[in-house]
Every structure is written in structure tokens, then in C-alpha cells.
Amino acid sequence: MYSKKVMDHFTNPRNVGVIEDADGVGEVGNPVCGDMMKITIRVNNNTIADIKFQTLGCGAAIATSSILTEMAMGKRLDEAMKITRDAVAQGLDGLPPNKMHCSNLAADGLHKAIEDYYARQEKRGKGNAKK
Ligand code: FES
């Protein structure tokens with residue numbers, strides 16, 4: 001039922017944890033099942049220099065979070081923004097149809113973390129402008 005890649009990322013998830021003083025944080029919940037995910041990113045030169053995830057959820061959500069961190073690591077922010085829910089599922093060689101909703105968390109969490117980074121930058125810019 002699950003691909004080898006799903007099982008690999010579920011049993012040996014990559015980049016688990018939280019980045020202290022992260023440059024961007026994305027927290028999302030899945031309305032279908034109530035599972036939760038937190039993505040933290042470190043940004044350097046508009047590029048994702050580090051990314052970690054914490055997921056309170058099912059095996060498919062853990063596997064999709066794990067593959068997402070691998071897909072996003074080292075990417076420019078605008079490229080990372082283009083990582084879709086489907087791309088995450090495809091990165092795992094697919095998910096069973098009844099588990100496709102689990103892949104939404106990872107992509108949504110990443111996009112939120114990037115938006116949070118942009119919002120912080122904007123605030124900083126405004127703060128500097130006042131000085
Ligand atoms: Fe909730 Fe998979 S069942 S994310």
C-alpha cells in the first residue's frame with residue numbers, strides 16, 4: 001500500500017526538530033484529521049540554508065514532511081514556494097488516495113514559513129525606515 005520511499009522516510013525521517021531563532025516559522029493543522037505540523041527555516045541569501053519539521057500526525061504526514069525538507073533544502077525561496085502538494089506526494093512515489101490529504105500539511109507548512117520570513121523582513125525594513 002505504501003511505496004518504499006514512504007516507508008523509508010517514515011522509519012528514518014530527515015531533518016526532524018526545530019531551528020532555534022528561526023528566520024521563518026510555519027504552523028499548520030489538517031482540518032480532515034486534526035494533525036499538526038511545524039516547519040522552521042533558516043534563510044541565507046534568499047536561499048533555504050536549513051529546514052526542520054515537527055509533526056504530530058500519521059505516518060504519511062511524517063514521510064511527506066521529511067521528503068519536503070529534502071526537496072526544499074538549498075532552494076531559493078521563490079523556487080521553494082513552487083513546491084506543490086502534488087510534488088511532495090510524487091517525491092514519495094505517490095500516496096494511497098485516502099492519504100493524499102496528508103501531503104497537504106508539508107507544502108502548506110513550508111509556504112507559511114516562507115511567508116512568515118517575508119513578513120518579518122518587511123517589518124524589519126519598516127523599522128529601519130523609522131530610524
Ligand atoms: Fe492526518 Fe495523515 S491522517 S495528516
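What you see below is based on every heavy atom in this structure, not just the backbone, and it leaves out hydrogens, waters and symmetry mates. Each ligand, and each atom within it, is numbered from 1 in the order the structure gives.
With 2.8 Å as the limit, C33 counts as an N, O or S neighbour of atom 1 (Fe) of ligand 1. Atom 2 (Fe) of ligand 1 has no N, O or S atom of H101 inside 2.8 Å of it.
Pairing each heavy atom of L110 with each of A80, the nearest pair is CD2-O, 3.5 Å. Residues A106 and I39 approach most closely at O-CD1, 4.4 Å, considering heavy atoms.
Within the 4.5 Å cutoff, the side chain of V43 has heavy atoms near those of the L77 side chain. Between L105 and S65 there is no side-chain heavy-atom pair separated by less than 4.5 Å.
Less than 4.0 angstrom separates some heavy atom of A61 from each of these atoms of ligand 1: 4 (S). The N30 neighbourhood of ligand 1 comprises atoms 4 (S), with distances under 4.0 Å to a heavy atom of that residue. Using a 4.0 Å cut-off to heavy atoms of C58, the atoms of ligand 1 that qualify are 2 (Fe), 3 (S), 4 (S).
Taking the N/O/S atoms of D35 in turn, the shortest distance to atom 1 (Fe) of ligand 1 belongs to OD2.
Both the backbone and the side chain of C102 come within contact range of ligand 1, each with a heavy atom under 4.0 Å.
A side-chain donor-acceptor contact under 3.5 Å links S66 to the backbone of R14.
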**Asked** Is there a side-chain hydrogen bond (donor to acceptor under 3.5 Å, both in side chains) between N15 and T69 once you walk through the steps?
**Response** CA-CA 7 Å; N15 305 306; T69 61; 2.9 Å; yes
